[in-house]
Structures are given as C-alpha cells and as structure tokens.
Participant: 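The structure follows.
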Amino acid sequence: MADTKDPATIALRGNWSSVLGFVLASIGSAIGLGNVWRFPYITGQYGGGAFVLVYIACVLAVGIPIMLAEFLIGRKTQRNCVGAFRLLRPGSPWIITGWLGVVSGFVILSFYGVVGGWVLHYTFLSLQNGFVGRSPEEVSTLFASLASSPVQQIIGHTLFMLVTITIVAGGIHRGIERSNKVMMPALFLLLCGLLVYALRTEGAKAGLEFLLHPRWDQMSPTGILEALGQAFFSLSLGMGAMITYGSYLSRDTNLVRASFFVAFGDTLVAVLAGFVIFPLVFTFQLEPGGGPGLIFQTLPIAFSQLPAGIIVGSAFFILLAFAALTSAISLLEVVVAYFIDERGWTRRKTTWILGTVIFFCGVPSAIWKNVFGLMDQLATNFLLPFGAFLIALFVGWVLSQQERLAEFEPNEIRTVAYLGWTFLIRYVSPVAVAIIFLHLLRLL
Ligand code: TRP
C-alpha cells in the first residue's frame with residue numbers, strides 16, 4: 001500500500017496538519033443537532049438519568065469500538081469509503097458498504113441542510129431580538145409559520161449549504177480543519193457561558209433533577225434501542241464519515257485514544273446541552289417532554305421572557321449553528337472524497353457540483369413534511385444501523401488478525417483496551433446492532 005502514501009497522493013487528497021486538527025474535526029462531526037436537539041428531548045421521554053446511563057453504556061460497548069473500526073479502515077487505506085473496501089478486498093461485495101455510505105451522505109445531508117436552515121433562521125431572529133416582547137403563543141407560532149413556508153425554509157437551506165460547500169471546497173487543511181479550529185472552541189466557550197447562566201436560574205435544581213434522576217420505570221426495551229440508535233447518529237457512525245476523516249491521518253496517531261476522546265467530548269456536550277436547556281424550561285414552567293419542538297418552540301418562550309434573552313438566545317442558536325455546520329461538513333466530505341479519489345475530479349469542482357445536487361435533493365424535504373420524515377427514517381433507522389453492522393462484521397471477521405494488528409503499536413496490542421476492543425467488535429457490536437435493526441424493521 002506504499003503507493004497510497006506518497007507525497008503526490010497526499011498533495012492531491014490533502015491531510016490533517018496535526019492530530020489536534022483531526023480530533024477537533026471528528027468531534028465537530030460528532031457534535032451536531034443530534035446532541036443539542038435530539039438527545040435532550042429523548043432523554044426526557046425515557047426516564048432522564050436512566051436513559052443517560054443506558055446511553056453511556058451503549059457508547060462504551062458499541063459506539064467506541066465501531067468508531068475505532070472506522071478510523072482503522074480509513075487510516076489503513078488512505079481512501080474514501082468506497083475505495084477503502086475496494087483496496088482491502090478487491091472484487092468482493094463488501095464494496096456495497098462503501099456505496100451505502102455515499103448514499104447515506106446524500107440522504108442525511110439533504111434533510112440536515114433543511115434543519116440547518118431553521119437554525120440559521122432562528123439565529124437571525126434572536127440576533128434581531130425577535131422573541132422578546134412576544135407572548136408565548138406568538139413565539140410558538142413562529143415555528144409553525146416557518147415549517148409551513150417552503151420559501152423561508154429554502155432560503156435558510158440555501159444559505160446553510162452555501163457555507164458548508166465553501167468550507168469543504170477549501171480542502172482538508174485549509175477548509176475543514178481550519179473552520180473546526182475556530183468553531184469548536186467557540187462552541188465550547190458559548191456552552192460554558194450558557195451553562196453558568198442556566199445553572200443560576202430558579203429552575204436549575206428541577207432541570208438537573210429531571211435529567212439526572214433515574215426513573216427506571218420509564219425505561220423500556222424501546223428506550224434501550226433508542227439509546228443505541230442515538231449513539232450511532234450522535235457519534236457519526238455507520239456511513240463511513242469516520243473512515244473518510246481517518247483517511248487523512250498519518251500513521252503516528254493513537255487511534256484508541258482518539259476514539260475515546262471523540263466519544264467523551266460528544267457525550268459531554270450532549271449532557272451539558274441538557275443542563276442548559278432544562279433549567280430554562282423549568283424556570284418558566286414549560287413542558288419538558290415537548291419532543292422535537294423543544295428547541296425551536298419551547299425554548300424561545302424562555303428566551304422571550306429572560307432579562308438577557310437576546311444575548312442568551314443568540315448565544316444558544318449560534319452554538320447550534322456551529323454544531324450543525326461542523327457536522328454537515330463531514331457529511332459532504334464523505335461524498336466529495338469519493339469523487340475526488342475514484343473519479344479524479346478536482347476538489348473545487350466536486351464540492352460545488354455535489355453540494356448543488358444535494359441542495360436540490362433537500363428541496364422536497366423543505367416543501368413536504370412527509371419527505372423530510374421519510375429521509376430521516378430511512379437514514380437513522382435503516383442506512384446507519386445497517387452500515388454500522390457491516391463495518392463491525394468487516395473489521396471483526398473479514399480482516400485478518402494481522403491486518404488489524406498492523407494499525408496498532410506493539411505496546412498497545414497487549415493492553416486491555418485492545419483485547420477488549422477485539423472482543424467487542426467481533427461479538428458485542430454486530431449482535432447489538434442486529435438486534436436494533438431487526439426491532440426497527442418490525443416496527444416499519
Ligand atoms: N453526528 C451528527 C449529529 O449529532 C450528525 C452526523 C454528521 C452524522 N455526520 C454523520 C450522522 C455521519 C451519521 C453519520 O448531529
């Protein structure tokens with residue numbers, strides 16, 4: 001595989017300039033709408049602390065092993081998610097796993113861009129003081145009017161996709177790495193600021209209690225499956241995003257440590273986002289089980305009544321915009337990397353063409369709610385679990401022991417972490433994913 005690492009290939013494909021850049025970009029991919037929008041509301045639905053504990057168990061037992069498997073495939077082959085499988089097992093049907101990844105990139109980004117558009121819309125609204133002085137009813141109808149206006153949604157979606165395309169067209173180092181180095185630290189700072197503020201509100205105690213107190217009676221088998229599905233979505237697993245990011249890495253990175261770090265950062269931000277949202281919800285006696293509308297309908301009511309609502313609301317939506325953008329970048333990069341590596345297109349051309357195609361794929365999601373729901377379902381309940389299952393099987397059973405070992409340092413191989421991972425990726429991950437998958441299919 002020496003030919004894949006020569007300077008000419010690196011110059012064509014790009015590379016991370018540092019391990020920090022890689023880790024920040026991977027955390028940026030992982031932290032997204034899944035953490036700030038989805039995690040808090042499903043935690044509310046499935047027993048608060050009980051769900052958080054089950055979720056952490058899923059991240060440790062299944063999420064981290066699969067993330068390590070994806071990084072390993074990427075770094076080993078230095079290829080996009082289709083090329084990686086082709087290089088490792090030429091002519092075999094495993095290449096389908098890579099194709100699934102490219103298709104998932106199209107599907108997920110098409111509706112992710114629409115939600116990204118809502119986030120930008122709300123960022124502008126809050127910066128213009130759009131919530132303050134409105135009654136709770138008026139604030140919650142703002143979302144209904146956005147959701148029923150294709151024009152407004154398409155404007156937001158266009159803007160969101162333009163920013164995403166511009167960053168990805170800039171390349172791995174100058175586009176993706178650099179923007180993550182700005183947006184991720186900013187996101188952490190905003191989160192810390194909001195946390196200090198939220199924890200001093202009246203509802204802080206009730207909010208923390210809601211999120212942390214384990215109500216096991218509300219936990220159900222469906223809750224466990226939800227936790228596993230959420231872990232995949234939130235950690236960006238199952239479609240080769242981490243294969244692609246791993247492919248721009250040089251040999252000297254400790255992949256075990258990187259996987260732990262990314263998973264830890266992602267989980268921490270999900271929990272802290274809950275620590276910001278629920279205290280505000282309880283301070284104004286709003287409905288914590290508001291479901292998917294929690295962030296766009298319920299929370300702005302709190303912003304409209306807070307003394308510093310314009311600052312808190314703007315900080316919150318800017319944070320959310322950064323989170324969504326750094327994730328969308330990774331989704332687009334999966335598709336772009338394929339066309340650059342396999343078709344020999346230039347990065348700029350590839351990014352603009354594919355970004356535009358994905359933009360048009362997203363337009364139906366902005367117009368019809370059922371298309372939006374269908375895309376979301378198709379990706380989270382079908383493409384991602386199936387992709388994750390295939391990746392676990394491939395790394396656990398198809399790759400030989402030698403092929404796996406070659407990606408670790410000799411001193412890492414005897415560690416509990418390595419031995420534990422081999423066991424988890426061969427036995428635990430595929431079985432766990434197969435169970436959710438079968439369960440979801442029965443539901444469909
Ligand atoms: N992880 C992101 C979130 O939490 C979404 C995301 C980005 C993603 N890239 C992905 C999900 C790749 C699955 C696969 O919002």
Side-chain angles (χ1 to χ4, degrees), residues 24-43 55 58-59 62-64 66-67 69-71 74 80-81 97-98 100-116 118-119 160 164 167-168 176 180 183-184 187 191 226-246 259 262-263 265-274 292 295 319-338 358 375-391 433:
L24 275 183
S26 305
I27 294 186
S29 166
I31 296 173
L33 296 165
N35 303 58
V36 188
W37 165 64
R38 205 161 180 273
F39 181 82
Y41 88 76
I42 47 172
T43 301
Y55 178 77
C58 291
V59 169
V62 185
I64 295 179
I66 295 187
M67 185 179 295
E70 289 205 20
F71 283 154
N80 67 91
C81 63
T97 316
L100 268 178
V102 175
V103 172
S104 312
F106 271 92
V107 174
I108 300 181
L109 188 51
S110 72
F111 71 83
Y112 210 86
V114 175
V115 185
W118 300 350
V119 174
F160 185 83
T164 308
I167 294 173
V168 175
I176 299 183
N180 271 290
M183 285 194 268
M184 293 317 288
L187 183 149
L191 186 62
E226 279 279 348
L228 198 55
Q230 170 66 16
F232 286 137
F233 189 80
S234 189
L235 295 171
S236 298
L237 300 177
M239 59 157 277
M242 294 308 184
I243 296 183
T244 309
Y245 272 14
S259 312
V262 174
D266 184 67
T267 308
L268 185 71
V269 168
V271 174
L272 293 183
I295 287 225
L319 178 158
L320 196 58
F322 285 172
L325 270 173
T326 49
S327 298
I329 292 168
S330 73
L331 289 162
L332 183 56
E333 179 58 27
V334 170
V335 180
V336 165
Y338 164 72
I358 293 175
M375 294 289 170
D376 184 0
Q377 291 280 313
L378 176 67
T380 12
N381 292 347
F382 181 78
L383 295 170
L384 293 182
F386 191 46
F389 176 68
L390 293 179
I391 289 168
V433 186

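Computed from a prediction, not measured in an experiment: that's the story for all the values here. Atoms within each ligand, like the ligands themselves, are counted from 1 in listed order.
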Participant: Evaluate the criterion side chain to side chain contact (heavy atoms under 4.5 Å, CB included) for residue pair V334 and C81; output intermediate values, then yes/no.
Facilitator: CA-CA 7 Å; V334 170; C81 63; 3.9 Å; yes
Participant: Tell me: protein heavy atom nearest atom 2 (C) of ligand 1, and distance?
Facilitator: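 It is S29 O, 3.3 Å.
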Participant: Of the side chain and backbone of F233, name the one, both, or neither that has a heavy atom under 4.0 Å from an atom of ligand 1.
Facilitator: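 Answer for F233: both.
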Participant: Pick one of side chain, backbone, both or neither for how V334 approaches ligand 1, counting any non-hydrogen atom pair under 4.0 Å.
Facilitator: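 Neither part.
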Participant: What atoms of ligand 1 come within less than 4.0 Å of a heavy atom belonging to Y112?
Facilitator: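 Once the distances to Y112 are compared, the set is 2 (C), 3 (C), 5 (C), 15 (O).
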Participant: Tell me the protein heavy atom at minimum distance from atom 14 (C) of ligand 1, and give that distance in Å.
Facilitator: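 Going atom by atom, the protein heavy atom closest to atom 14 (C) of ligand 1 ends up being M239 CG, 3.2 Å.
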Participant: Just to confirm my output: which protein heavy-atom neighbour is closest to atom 8 (C) of ligand 1, and how far is it?
Facilitator: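 So the nearest neighbour among protein heavy atoms is S236 OG, 3.5 Å.
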Participant: For a quick test of reading the model, state the closest non-hydrogen atom pair linking I27 to M184 and the distance between them.
Facilitator: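 Closest approach of I27 to M184, heavy atoms only: CG2-CE, 4.0 Å.
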Participant: Under 4.0 Å from a heavy atom of N35: give me the atoms of ligand 1 that qualify, with their elements.
Facilitator: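 Here the atoms of ligand 1 in question are 4 (O).
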Participant: Please check if the distance between the ring centroids of F39 and Y55 is under 6.0 Å.
Facilitator: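 Judged by ring-centre distance (under 6.0 Å), F39 and Y55 do meet the cut-off.
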Participant: Show your reasoning for whether side chain to side chain contact (heavy atoms under 4.5 Å, CB included) applies to F232 and C58.
Facilitator: CA-CA 9 Å; F232 286 137; C58 291; over 6 Å; no
Participant: If you measure only the distance, is there a donor-acceptor pair under 3.5 Å linking the side chains of S29 and S236?
Facilitator: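 Present: a donor and an acceptor within the cut-off.
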Participant: Quick one: does any side-chain atom of E70 pair with a main-chain N or O of G238 as donor and acceptor, under 3.5 Å?
Facilitator: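 Yes, because the side chain of E70 sits within donor-acceptor range (under 3.5 Å) of the backbone of G238.
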Participant: Which ligand 1 atoms does A30 reach within 4.0 Å, using its non-hydrogen atoms?
Facilitator: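 Every atom of ligand 1 under 4.0 Å from some heavy atom of A30: 1 (N), 2 (C), 3 (C), 4 (O).
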Participant: At a 4.0 Å threshold, what atoms of ligand 1 neighbour a non-hydrogen atom of S234?
Facilitator: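 The atoms of ligand 1 under 4.0 Å from a heavy atom of S234 are 1 (N), 4 (O).
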Participant: Counting only heavy atoms, tell me which of A241, G32, S330 gets closest to atom 9 (N) of ligand 1.
Facilitator: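 Selected option, by shortest heavy-atom distance: S330.
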Participant: Kindly confirm or rule out an N or O of L331 lying under 3.5 angstrom from an N or O of ligand 1.
Facilitator: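 Between L331 and ligand 1, no N or O pair is found under 3.5 Å apart.
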Participant: Apply side chain to side chain contact (heavy atoms under 4.5 Å, CB included) to residues L384 and I108 and explain how you reach the verdict.
Facilitator: CA-CA 10 Å; L384 293 182; I108 300 181; 3.9 Å; yes
Participant: Would you check the N or O atoms of G34, main chain and side chain alike, for any that come under 3.5 Å of an N or O of ligand 1?
Facilitator: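 G34 vs ligand 1: N/O contact under 3.5 Å present.
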Participant: Does the side chain of S234 pick up a donor-acceptor pair with the side chain of D266 at under 3.5 Å?
Facilitator: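 Yes - a donor-acceptor pair under 3.5 Å links their side chains.
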